[in-house]
Structures are given as C-alpha cells and as structure tokens.
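Here is the structure we will look at, set down as structure tokens.
Owing to the predicted nature of the structure, the values given are computational and were not obtained by experimental measurement. Throughout, a chain's letter reflects where its sequence line sits, starting with A, and its residues are numbered from 1.
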Amino acid sequence: MRNIFLTVLALLALPIIASAEDVLSSGDTAWMLVATAFVMLMTPAGLALFYAGMTRSKNVLNTMGMSLIAFAVGTLVWVVAGYSIAFGDGDLIGTGKIMLVGITDKSLTGTIPELLFVAFQGTFAAIAVAIASGSMIERVKFSTFTIFAALWILVVYAPITHWAWGGGETLNFGEMDFAGGTVVHINAGVAGFVVAMILGKRKDYGKSAIKPFSPIFAVLGAALLWFGWFGFNAGSQVAADGVAGNAFLITNVAASVGVIGWLIAEYIVYKTPTLIGGASGAIAGLVAITPASGSAGVSDAIIIGLVGGVIGFIGVSKLKKIFKVDDSLDAFWIHGLVGIWGSIATAIFIAPYLMADDYDMGAQLISQIKAIVLTIVYSGVVTAIVFYIASMLTGGGRVDAETEQIGLDERVHGEKAMNL
Amino acid sequence: MRNIFLTVLALLALPIIASAEDVLSSGDTAWMLVATAFVMLMTPAGLALFYAGMTRSKNVLNTMGMSLIAFAVGTLVWVVAGYSIAFGDGDLIGTGKIMLVGITDKSLTGTIPELLFVAFQGTFAAIAVAIASGSMIERVKFSTFTIFAALWILVVYAPITHWAWGGGETLNFGEMDFAGGTVVHINAGVAGFVVAMILGKRKDYGKSAIKPFSPIFAVLGAALLWFGWFGFNAGSQVAADGVAGNAFLITNVAASVGVIGWLIAEYIVYKTPTLIGGASGAIAGLVAITPASGSAGVSDAIIIGLVGGVIGFIGVSKLKKIFKVDDSLDAFWIHGLVGIWGSIATAIFIAPYLMADDYDMGAQLISQIKAIVLTIVYSGVVTAIVFYIASMLTGGGRVDAETEQIGLDERVHGEKAMNL
Amino acid sequence: MRNIFLTVLALLALPIIASAEDVLSSGDTAWMLVATAFVMLMTPAGLALFYAGMTRSKNVLNTMGMSLIAFAVGTLVWVVAGYSIAFGDGDLIGTGKIMLVGITDKSLTGTIPELLFVAFQGTFAAIAVAIASGSMIERVKFSTFTIFAALWILVVYAPITHWAWGGGETLNFGEMDFAGGTVVHINAGVAGFVVAMILGKRKDYGKSAIKPFSPIFAVLGAALLWFGWFGFNAGSQVAADGVAGNAFLITNVAASVGVIGWLIAEYIVYKTPTLIGGASGAIAGLVAITPASGSAGVSDAIIIGLVGGVIGFIGVSKLKKIFKVDDSLDAFWIHGLVGIWGSIATAIFIAPYLMADDYDMGAQLISQIKAIVLTIVYSGVVTAIVFYIASMLTGGGRVDAETEQIGLDERVHGEKAMNL
Amino acid sequence: MKKIEAIIKPFKLEDVKDALVEANIEGMTVSEVKGYGRQQGHSELYRGAEYIVEFIPKVKIEIVVSTDEYASLAVDAIKKAAYTGKIGDGKIFVSDISHTVRIRTNEENTEAL
Amino acid sequence: MKKIEAIIKPFKLEDVKDALVEANIEGMTVSEVKGYGRQQGHSELYRGAEYIVEFIPKVKIEIVVSTDEYASLAVDAIKKAAYTGKIGDGKIFVSDISHTVRIRTNEENTEAL
Amino acid sequence: MKKIEAIIKPFKLEDVKDALVEANIEGMTVSEVKGYGRQQGHSELYRGAEYIVEFIPKVKIEIVVSTDEYASLAVDAIKKAAYTGKIGDGKIFVSDISHTVRIRTNEENTEAL
Ligand SMILES: Nc1ncnc2c1ncn2[C@@H]1O[C@H](COP(=O)(O)OP(=O)(O)O)[C@@H](O)[C@H]1O
Ligand SMILES: Nc1ncnc2c1ncn2[C@@H]1O[C@H](COP(=O)(O)OP(=O)(O)O)[C@@H](O)[C@H]1O
Ligand SMILES: Nc1ncnc2c1ncn2[C@@H]1O[C@H](COP(=O)(O)OP(=O)(O)O)[C@@H](O)[C@H]1O
C-alpha cells in the first residue's frame, strides 16, 4: 500500500513525500483494531480458561479471577503511567505521557492512531502479569495479587519494554524480539517462578492428587490463546502487509508443531497423549515463535515450534522435579524456558528473504543472550521486591491454611465453579 | 486515508473530488466486516453464556436458547422489514427498503457496502431483545418470547433507531448516542423490566436459594461481550480511523474500571469480591461508555466506567430490593440504570480534542434527557402492548407451575445442561 | 479501493496501470488476516466444542482431541505439500511449491500476500478432515485418525481443491463453489460416512441411551463456527469489497433461518425444540449457503438456509435410520446431504445484481451435478483406501471393546472431562 | 435407634425438609440418586433420535432418630410432604441402627442425635 | 424384608439392571460412589506428573425385597451380571429392613415393593 | 458383620482414609452427600443478594467389617481423624449386615471382606 503511494507521489514529484509515512492507513488501522481485540481476548478468556481448566475444582474461580483482575488493573495502570514509562521519551525510562497527555485522535504511530497503539501495547502488559499468576495459584491472596499486578507492570514490565521497544538505548543490545519473547514471556516466566519460591509450595503439592478441573476448558483456553496470538505476532508488524502475512503463517505452523512435538514426547515417555499436553504444546510452540515471528520462514518455524513443544514437555515433566519449586501451572517452564529457546533460535533460524545482507549470526546471538540475561536478572530481583511490598500492604501474601484447604472459591469469593 | 486522497486529488485539481466520499474503502470495509462479526458473537455466545452462567442449572439451556432464537429471529425480521423501518426514508418511520429492495453489492453507506451496514445494524437489533430476555428467564414461554422478539424489533427497536440514527427528525433531539446507550441499552433494560412486571415473580424468588449454574460461563460470556463490544463501539464510527482508535481504547478502559468499581463496592459492602460481580462490572462499564465512546477521552472513560460499575452494584444489590420486581438477571439495573448514567455522562465528559468549539453542555444535557425520557416512555408502553400480543398468540406468556418447578430444560427442550 | 486507484491512475495515464492489479492492498490484507484467524478458530474451538458437547461424557476429550490434532497435523502437511498439490501448477495435480519454495513475503495472490493465502487455505483443509472425525467418534483409534488426517488432506482434499479452485482443467466442470460446498462439505461428509461404514457401529448404538455431554458446549461451538464462517465465506472473496459484504450478510441470514427451519421441523415432529437442534440448524444453514455465498441475494439466502435446516433435520432424524450407518455426529447428514442441496441451490438462486447477463441455469445445474458426483465418487473411494492404510499402520483402526466400554478419555488419554 | 431412608422426587426436597424440621427432626443427610421403578422415564431427544431415560433422578434422605416414636413422626412427615399422587413418588425404608457417635463431642447414641 | 446393596463396576450397571428385571425385581435405586479396595486405581497424568487415583468410580445399587427368596434371587442375578473376574468387581451386602412405605399409595411393607 | 457409616467434612476424607488403612481396614465406599444439621451453612452471594446455603457438602464413608472389634477400631479411627472440634464434624452410625458376597470370587461373609 505504502509502495504504490510512494510510486504515485514519486511520479508526481510533489513535496508531500516527506510526510507520506505519517499518514493514517485505514487498512493498517483496521488490522490493528482487530489485532488489539485479539490480544485482549487472550487474558480474560484465553488464559483465564487455560489456567482455570488446570486448577482444582475448589480454586477454579480464583484462578480465573486473577486473569480478569490482571487485565482490568493492567489496562488502568497502563494508560495512567505504564505507557509513558514504556514508550515516553528517555533512555533508562520513558516520561512525558502520563495519562496519555498530549495524545489526540489525530496522533499517529506509524500509519495507525497512537491511541490504538496505546491499547495494543496495554494488552501485552496485562497478559504478562496474568501469565505469571499461573505460578501462584491456589495460595496467593487475591488482594496481594491485585496490588502486585499494578506495581509489577509499572516497575518491571514497562522498563523492560522501554529498553526493548520504547527507545531506551543503554540497555538495548540490538536483540531481535519481534513480538515479546523476552519482554513478555521470559519476563513473566521468571516473575512467576520467583513469586512461587517466595510463596512456598501448596500444602498438597507432591502429596495428594491435584486433579485439573477440566481439560475441556484448558483446550478451549489454548485455542483462544492461539487465535489471539495472531494479533500478538502478526499485529506486532503494526501494518497489514507481507511481513504480517508471514508472521501469521509461521505462528500457525509453530503452534501446530508444538502440539505435535509435545504429544509425541508424551507418548514416548508415558504412552498417553493428554489433552492438557496438546494444549500446553500449542502454547509452547507459540511462545517459541514469538520473538522470531518477524524473521523466520516456514521451515524455521517447524524447527522452532517442534523443539519448543519438546522442551516444554521436558521442562514440565522432568526439570521441574529437580527444582522443587511449586510453579503451579508452569509459567516458568512454558513461558520462561521455552521463551529462552525461542529467543536464541530467533538469531539462528531466519528466512533468506527476511535476512539482512550483512547479517552476523554470532553477534546477534550475543545480543540475544545479553537481553535474556538482563531480563532474568532485572525481572528476578525487582519482582521479588515488588511482591514483598504487595505482601506487606495486604498483611502477608498467602491465604491461611484453612482457606487453602477448603478452597479459595468458597472462602474468598463465596462462589462455586459449578452448581449442578 | 481519506485525507491523503483528498490531498492528492486537490493537488491535481480534478473534478473527481465531488464523488470521492462515495468510494468504497477496503480498509474501512475490512474493519466493518470484522466489527459486524464481533457484534454477532455477542449474542449467541457472549450474552448466551453470561446469562446461562447465572441461571439455575435446571433452566440453563432455556436461557441460552433465548439468546440463540433472539439472534436468529432478529436477523430475519431485520432484513425483511426492520432495516427499512430504521434506515429507510421518512420522518416518524422509515420506508422503502422492505426485503432490502434496491440495494446491491455496489450500494454504499459512507465508504462501506450498504449490505454490510445492514448486517452490522442487524446485530444491534438482535442483541437488544436478547438483553431484555434476561429479565424474563425461568418462567417465560419459549414460544411467547420468540414471537415477542420478532414484534419488538419491528415495533419498538426499529422506530427508536430511526429517530436516533436513521434520519427521523421530529423525534430526534440532537442527543449524543454514538453506539447505542439509549437505542440499545436503556431501551432493552426498560423492556425487560416491563415484561418482568407483567410476568410476575418466579415462584422461588426471594424464598429459596437461586444458585447460578456456573460463574465460569458468566465470566467467559462477559469476556466475549467485552471483545465484541470493540465492534459495537469502535465499529459505530463505520471507519478505521482515529476516532475508532479512541473509541477502542476508552471502551477497554471503561470495562476495566467497571470491573474494579464493582469489586471494590462489593468488597466494602460484603467483604467478598465475586466473579459474577467482576463480570457484571465489566458489562456495567461497557454500557456506561457506549453512548460516549465517540467523544470521551481516557480520563473521562475512567470516571464514566468506574461510576458505572458502582451504580450497577448499587442497583442490583440495593435499589432492586426496593422495587420488588423480579428482573431476574438485572437487565434493567445493568443496562437501563447504568445506561441512563452513561447517557448523561456523555454530555458532561468530553475529550478536548473531540469537543466542538461551540459546545453547549446545558443544551446537550437537555437533549440527552429528552431522548432518555422518550425511550423510557415509548419502550415502556409499546413493549407492554407487544408482550400482551405475544402472550395472547401463545395462550399465555408464562409456563405452568410444574414446568417452572421441574425446570424448563427438561420440560420444554427435553435436554439437560450436563450429563456427567 | 481498487477503482479509485485505477481512476486516479487512468487520469494520469501512466504506464504503471498494467501492474496495478498486482499491488498489495492493506485493506484486503487486513481483512484476510482476520478471515484466516476466524477460520482457524473454527476447528480447535468451534468444531471441537460442537462435537464434544454432543459426545458422551466418557469420550468428550477424545472427540475434542481429534479436532485439535486434525488442525495441527493438517496445518503441517498443508505447508509441506498440500498447498503445492492444491495450488501448484498442473492439470490433474499441482506441483512446484513443496515447502512453499519460492514464496517470499513479497509474493502476492491478488492483492494479498501469498503466504497469507497459504494460511487461509490451510485452515480449510484442516477443518474438512475435522468435520469427518464426527462420524468416527467413540471408537476410532487416536493414532489411526492422526495418520488418516495427514494422508487424507494430501490425497483426497488437495486434489479436489486443485480441480475446483487451483487451476486444474480436465476435472473442473465450471461449477460454482464460492467457499467450499463441494470441496469442503460434501467431501468431508462423504469421507466421514465411508469411514463410519468401515469402522462399524458403536457397541451401544441403537441399544442404550447415548446422552450428549452438554448442549451448552454444542451451542457455544456452533456460535463460534458461525462467527468463523464469516471468514470462511466472506473471506473467500479474498478482498474487502461489496461482494464480501453481500457474502457476510447472506451467511448470517442463512444461519439464522437454518436455526428457525430446524426448530420448526423439530417442533412439528417431536413438540420439543432442542438446543442441539438449534445449533445443528445453524450449521445446516451455513453449509447450505457456503457455495452460494458469492452469488445469492438475501431472499435467496432465506430459501437456501431454511430448506437447509429442514433437510438437515430430516436427514438426521429420518433418513439416517434407513441407512443404518453409525455416522455418529452426522457429518454426512449435515455436511454431505445439506451440502448437496446447497450446491444445487447455488445454480438456481442468484441475486440479479450478481448474475451474469448470459447466465444459463440448465448448463450450470449440470456443472454442479458433475462436480457433486465427482466429489462423491473420488472422496468415497480414495477415503476408503486411505483409511485402510492408516488402519494397517496402526494395527487396526478401532479401539478394543474394553476401551470402548470404559471410555476413550480414561483409557487413551488418562484424563477426565470434568473433576468436580 | 432407627434409620429412615426415603427416596423422593427431587423437587419435593425443600418441602420434606421443612416438614421434618417442623416435626423437630433437625438432622439429615441427602444424596442424589437415580431410581428405576414403575415410573417410566420421560423420553429425551438427541438430534432427532428418541430414547427413554430409564433411570430417573431422585433424592435420597437419610435420617437417624433415637426412638420409634420419632421414627413414625418422620415417616408421617415425609409421607405427607413428598406426596403428589403421581407414579414415582417414592418409598420409605426403615431399619435398625445399633450405635451412633457424634464426632465433635464423642457423645453416643441418643445424645449424639 | 431385606435390603441388598451392591457395589459394582459402572459399566456393568446396564447388565445388572437387565438381570434384575429378568428376575422380576423391578425397583432399584442407584448412586455413584467411589471405592477404595484392593483394586489399584489407574495412574493419571497431569502435565507430565503421574499420580495414582486411589478412589475408583463405582456404582451402588440398592434393592429392597420382601422375602429371603427374592433376596437370594437378587444376589444371584447381581453376582452373575456384575462378574468380570478381574479385581474390583465389587461386593454385595445384605441387611434387614423393618418397615417399608410407598408414598403414593400409603401401602406398607410387602405391598409397597 | 457390621456396617459403619460416617458422615464427615469433605476435606477430612484423606485423613480418615489413612487412619482406616493404618487400622488395617482396607476396603471402603465413599459418596458425596449434603448434610443438614446444627451447622449453619455459610451465606453465599449472588449478584449482591445474600442467601444461606442450608445443605452443606459432606462425604459419606461406608465400611463393612467382619467383627465387632474391627467395628470399634474403625469407629475410633474415624472419630480421631475426622475431628476438628467445630460444629458439623459429623456422625457415625453402626448397623448390622447379615450377608456379604465378593462378586469376583464368590467368597462369602468374613472371607469376602
Ligand atoms: N424395591 C426397591 N428397592 C429400592 N428402591 C426402590 C424400589 N422400588 C422403588 N424404588 C425407588 O423408588 C422410586 C419410585 O418407585 P416407582 O416404582 O417408580 O413409583 P412409586 O413410588 O409410585 O411406586 C424408584 O425410582 C426407585 O428409586
Ligand atoms: N469393607 C468394605 N466396605 C465397604 N465397601 C467395600 C469394602 N471392601 C470393598 N468395598 C467396595 O468394593 C469395591 C471393590 O473392592 P476391591 O477390594 O477393590 O476388589 P474386589 O471386589 O475384587 O475384592 C471397592 O472399590 C469398594 O467400593
Ligand atoms: N439425625 C441425623 N440423621 C442423619 N444424618 C445426620 C443427623 N444429624 C446430623 N446428620 C449429619 O451430620 C452432619 C453434621 O451434623 P451437625 O448437626 O451439623 O453437626 P455436629 O456433627 O457437630 O453435630 C449433618 O450435616 C448431617 O449430614
């Protein structure tokens, strides 16, 4: 689209050329309106169901509630200050856009309204903290998590976003992270893991059977996440063009082979391909392709997604046992560990037609590793601090033993998942 | 998009300018195709689940069926005659487009195909009557409701739409109703309330515990409604531009603070933030922002949505007790009452960059109130008449006592919500 | 959109005109990104739930798993070889695009990226084989189905697509099949029926009550299918224009009257309008309109959809008994039989504004019938061969009697649909 | 001590409970069961295929009382409250209990009730 | 009067019901229970973590009959129909019922059955 | 033979099962029931409307043992393991069983247990 304009205009040789880039495109805007809605759906519907389906029946609603409140609180703090920190001017931290001051319906980001870009990016912030909630379920206080979510977006998520995408220079190592492999997934996975360590294990963890409420909801949740992820990845191009089309296709392929990889691994080890495994494999494939979705080709995506699915399975079923941390719904293993794989793979597997002529894989790998390490260290340390503050403000971050035993749904929310 | 064309063309000074407005935009059309699909999803999926999740297990399917049949019947009567009444030529009532006569694939409404505009507006009609069904559940006859839905769209919804949006002059008071605060929400809330009064209370109302089938479905339904509402509000711009971007963002913010407002109020009063409360708060926030979504800014949306959530909670938990009408799923309290708040707030909270230079708040408030009163009176009276006719045609509008006791799912549909 | 460009350019009389068609349109691309996501959602969410909701509780997850694996495996084989067979160059079969060789982010199909077109068409292949799974549930081996799905797409689906849409000449009879009435629905229905015949009946079929797990999920699944079908039908225009708008509207109308037709027929025969009936009616209406969605008008859609709903009901409740084949979820009756009706109706019911001046209905009817017969014969025969191969590779295609009795969820997947 | 087991129609549970409480019987345990008997199940439809539901949802109430008088009070209360006169109203079975304990207090037999 | 309680494998319910009906026993009440016994539960997988399901789904059938002959008829019918020979087939318990009422008709004891 | 029926709080099931197994009682049948008694149900909220849940979820355990000694062992084990001291801890009822069959082996009475 942009091209033909430029052609027409070039032929006319008019002075308007200079600003041609800054014009709203209704096609790009149409796509980004939808992409934003898609990513929105991921949190209160997709992740909420994916997580709720894997929770015990007595805590299903509490788990769902965490995704809902993460989205609500996340959206609010994002427009109040998060966007300013992430996308305002500045090196270490952005400033100047508190309460979106100065942005009007005419302001543009590329070829779309900036207000829409604000909304799009806000959905990323919200889902990041909602992902982390999966590590804390069945024992964290609802109030603690609510405050944690607000603080974490401002103090952990927004700065990391600023360095990767928002104009920060000192802490930007030139990493390739098209749609948030480091910013969202590694970050959220590490944050979840750290909070799970601080909270300690659930009383029943490793003792009695912790049965998932319903794999139906887990699969439905995963399908909605998959659907939303098209907005996440292809939307990160912020335009409806060939790169977005490429991102869309390889996202779909990576999710598919993620399912296949996980189920094959599960079948080999346990002879039982589970539905929760299939759903988890899709998510692992999607996490793995996220940073590479602007640069990989279809054969790259097959490798990235398949390995992603297998690594996810190994993490959840083998490595997790070694670490002895009750990362309840495996936010670290699926988003953190697989995210690291995806981030490294991004530098290795690139479509010829999207590779720069002077591409230097060695240098890029170092950039990726630097960004991964920065994210792990910053997120790890600051998440701990933020969680301690949230706990203090709410008189301890963990529910009492009786509530844990009877269930958070009845005791915290006064409700039951199903009254048959 | 339009602008650059105009610029290019202006520079060329060609006679084509005059008709530039009447040209199809693929970007706008892309957005409206999607927006229409989004609003479609709201009825047989979003509202169906939101309502079904709050119904007792023995009537879940009947409640769901009302949303489904409302959409099916609504879509049919809309293309047959509803669109003609609402958007045909005429002052008090539109005419001339029965069976969409004269409209072809080349007809345009603004920059999109008129046939698409027909579909978009039809989804509004259907959801309006489906919202009203929430007041009647667990006792209204399925046949009565089906006939009621068809008549109501033709006799109540289409005329009100004509006055607000379709070219009616005498009964248009210049009110601001960007996406249907008056047309859809107040209208549907009042209609539901009136039918609930006529039907009378459920036998168990106020006596035994009426437990919601599953808050999971209520939250999922609310999330799908939220998602669809982006099409509802940002789609009402009928273009993919900056105003649509603004509408999208503030819709998301209002829903989020609606959740927060309801949960805080609930926590203060009952110490129990419920999931059904959170879901209801989202809807309240969305209802409140609907009429204002073309004009409010982000700080306005925070106020409108937050107050919307709190008012919704007060309506449902306090005012409802005073009125003693068994508005079973609170269509009036959430759509009617909160809709009135939203309609008034629309005149008060406007973004500077969207406010006309000569904006007169006093005059506008009077317009809003006139439109609210007209809607309440017209909808109140004509809904009652329509419901009496529907009752007569089906031998009474209420199921027999045994059916009410045993449950409509088994007796009317021969099915059960879950066979475990 | 295209028009104004041409106008502008024509006025300028520049040599660029010749290639104007081959330029990417961001509006069309935006729409097709979304349409592809919509169709994707149909399989692991829409169909998975629609089918799972109608399965007995002990086999719900297995049924859901078949839709999931169909989508995963289908997507993979599609990019590896399916797309090449369907849309590569050649008469009887396409070649030359194995692993999408030669396609880059700049390649176009019409005005959209070819990679996006690959993704769009891949979702059709996946849903076709997932539809067929409905005939095999509660007894087919998961491994057999997985291999069957991969082979079937390559050997049955891709060739049929090539003849209808991909450039095949000898076996293209000039049939009108806008969005896949023959290619997807008749094909899948016949394939399901043939496999059901080979597998034999479920042990309990016709003996004990086979209760659907939950009509809630069936209705939700149907609503998601309906939603996705807008991408299926209006997306088949591969552009955001007036024909897409027309396709959207009539798709919605046909689904609605499908609901109405089925429920009325059910009410007349059994006095019980069921929710599963309503959901099935929507699907029947959608199947019926699919081939006609690029050519019918709104009154045509009312006839096509209404009759589609009634035929679906008659097929499932009457004709099925005559045939004595345990087509468990009625893939043949809803997709095959109703698909045949739709394909024939496509030649008969055409909007005046979309009818060619020299349209010859008799000739067209013969084309339709030829294509139907070709599809039934080819799909019938080759599906049987493919299923025998898949059975052989997995040591028989049917689970053992004990697994069938205890349930596939527990025995194959080690999971339970709900742990309350 | 006597145990009374009653199989009743589910929608009568509330009435029966109220009748028992009125008769000063304030402890009971309720479970969902399926009954097979003279009452033919209603037929359900499944995509056009009709089938008979042989097992019909019922509710079982179990009450342990200390004396025969209380037992007949309970039986009478249930009989009246659960009655509709239509087939499938259910049955009441009485049997003996030799020993009772209240877990909270360790009280036994009559005191435990 | 005798009460027969049988704990059986769920998938045998249909067979047992048919056997009882054939033995002219046309009333019964069924409930879903979970059993713990020698039969080891199968192991289930949960995201790679294996655990044993100790409580196994079973079905409990309760039948009250008027005479000892009927009781042994019922026990025999159940024994045969519920048999698979594999561990976990279940148990049958017989006890006494002192009084029976049919709510609909007020008939008592033998007539109520 | 004796049958012990215990109504306990659901979250105590695991503890009670462990206590019984420790007392060498290795067979039991468990079902979900709802209890009505002195324990007032908690109030639930439904869109702002508060209501009392009168029937409280409980678990019923049924154990048949061969001797009176085993019966008192079982009662003791349950009493201890199910105890919280708060209202609603539940009750234990003991009654007689006249006959037992193990379906798999056709063993009867004591051998069947
Ligand atoms: N012999 C029996 N033993 C146990 N339960 C029985 C017996 N007969 C009937 N029931 C229970 O009582 C219920 C009602 O019995 P039914 O024969 O249908 O009607 P009615 O109560 O009017 O005689 C049955 O559904 C079943 O649960
Ligand atoms: N002593 C007992 N009291 C009550 N129920 C028992 C007892 N022993 C076994 N059961 C029930 O019988 C079922 C089958 O018993 P189990 O020991 O597993 O195998 P088997 O029936 O082959 O001996 C158990 O799951 C349980 O429900
Ligand atoms: N008379 C009774 N008959 C049968 N079940 C009873 C009886 N009394 C109590 N129960 C059961 O025991 C449970 C606990 O009794 P409750 O009176 O609430 O407290 P507590 O056990 O402390 O006395 C009840 O919920 C009910 O299931």
Contacting region of B/Ala279 [heavy-atom separation from chain A under 4.5 Å]: backbone

Restricting to side chain to side chain donor-acceptor pair (under 3.5 Å), what partner residues turn up for B/Gln237, sequence neighbours left out? B/Asp241

For A/Ala417, is it the side chain, the backbone, both, or neither that has a heavy atom closer than 4.5 Å to a heavy atom of chain B? both

Can you list the residues that meet the side-chain contact (heavy atoms from CB on, under 4.5 Å) rule with A/Pro215, with sequence neighbours excluded? A/Leu275, A/Ile276, C/Leu61, C/Glu415

Taking the side chain as C-beta and beyond, is there a heavy-atom pair between B/Phe230 and A/Leu33 under 4.5 Å? no

Given A/Leu100, A/Leu224, A/Thr146, the one with more heavy-atom pairs under 4.5 angstrom with chain B than any other is A/Leu100

Apply ring-ring contact (aromatic ring centres under 6.0 Å, His included) to the pair A/Phe142 and B/Tyr267, showing each step before the final yes or no. CA-CA 12 Å; A/Phe142 198 64; B/Tyr267 184 73; 9.6 Å; no

Measure distances from A/Pro113 to the heavy atoms of chain B and classify the residue's part below 4.5 Å as side chain, backbone, both or neither. side chain

Note: vs chain B, highest number of non-hydrogen pairs under 4.5 angstrom among A/Phe117, A/Trp31, A/Phe217 is A/Phe217

Can you confirm whether A/Ser26 sits close enough to B/Asp28 that some side-chain heavy atom of one is under 4.5 Å from a side-chain heavy atom of the other? yes

Given side chains that start at C-beta, do those of B/Lys211 and A/Lys416 come closer than 4.5 Å, heavy atoms only? no

Check whether A/Ala45 gets within reach of chain B through its side chain, its backbone, both or neither, counting any heavy atom under 4.5 Å. both

Interchain contact, B/Val243 with chain A, by part (heavy-atom threshold 4.5 Å): both

Of the backbone (N, CA, C, O) and the side chain (C-beta and beyond), which part of A/Met99 lies under 4.5 Å from a heavy atom of chain B, both, or neither? both

Can I get a per-line list of side-chain donor-acceptor pairs under 3.5 Å for residues 246-255 of chain B, giving both atom names and the distance, sequence neighbours left out?
unit_1	atom_1	unit_2	atom_2	d
B/Asn246	OD1	B/Tyr353	OH	2.9
B/Asn246	ND2	B/Ala296	O	2.9
B/Thr251	OG1	B/Asn233	ND2	3.0
B/Thr251	OG1	B/Ala247	O	2.6
B/Asn252	OD1	B/Trp226	NE1	3.0

Who among A/Asn62, A/Val118, A/Val412 has the most heavy-atom pairs with chain B under 4.5 Å? A/Val412

For B/Phe227, which atoms come within 4.5 Å of any heavy atom of chain A: side chain, backbone, both, or neither? both

Filtered by a 4.5 Å non-hydrogen cutoff, the part of residues 64-76 of chain A contacting chain B is A/Met64, A/Gly65, A/Leu68, A/Ile69, A/Phe71, A/Ala72, A/Val73, A/Thr75, A/Leu76

Pair count under 4.5 Å, heavy atoms only, with chain B: among A/Leu420, A/Leu220, A/Thr43, highest is A/Leu420

Distance-only, no hydrogens or angles: does the B/Thr272 side chain make a donor-acceptor pair with backbone N or O of A/His413 under 3.5 Å? no

Counting heavy-atom pairs under 4.5 Å with chain A, the top scorer among B/Ser214, B/Ala240, B/Ala222 is B/Ala240

Out of A/Ala30, A/Gly122, A/Ser107, return the one with the most heavy atom pairs under 4.5 angstrom to chain B. A/Ala30

So do A/Leu115 and B/Val298 actually touch side chain to side chain, heavy atoms under 4.5 Å? no

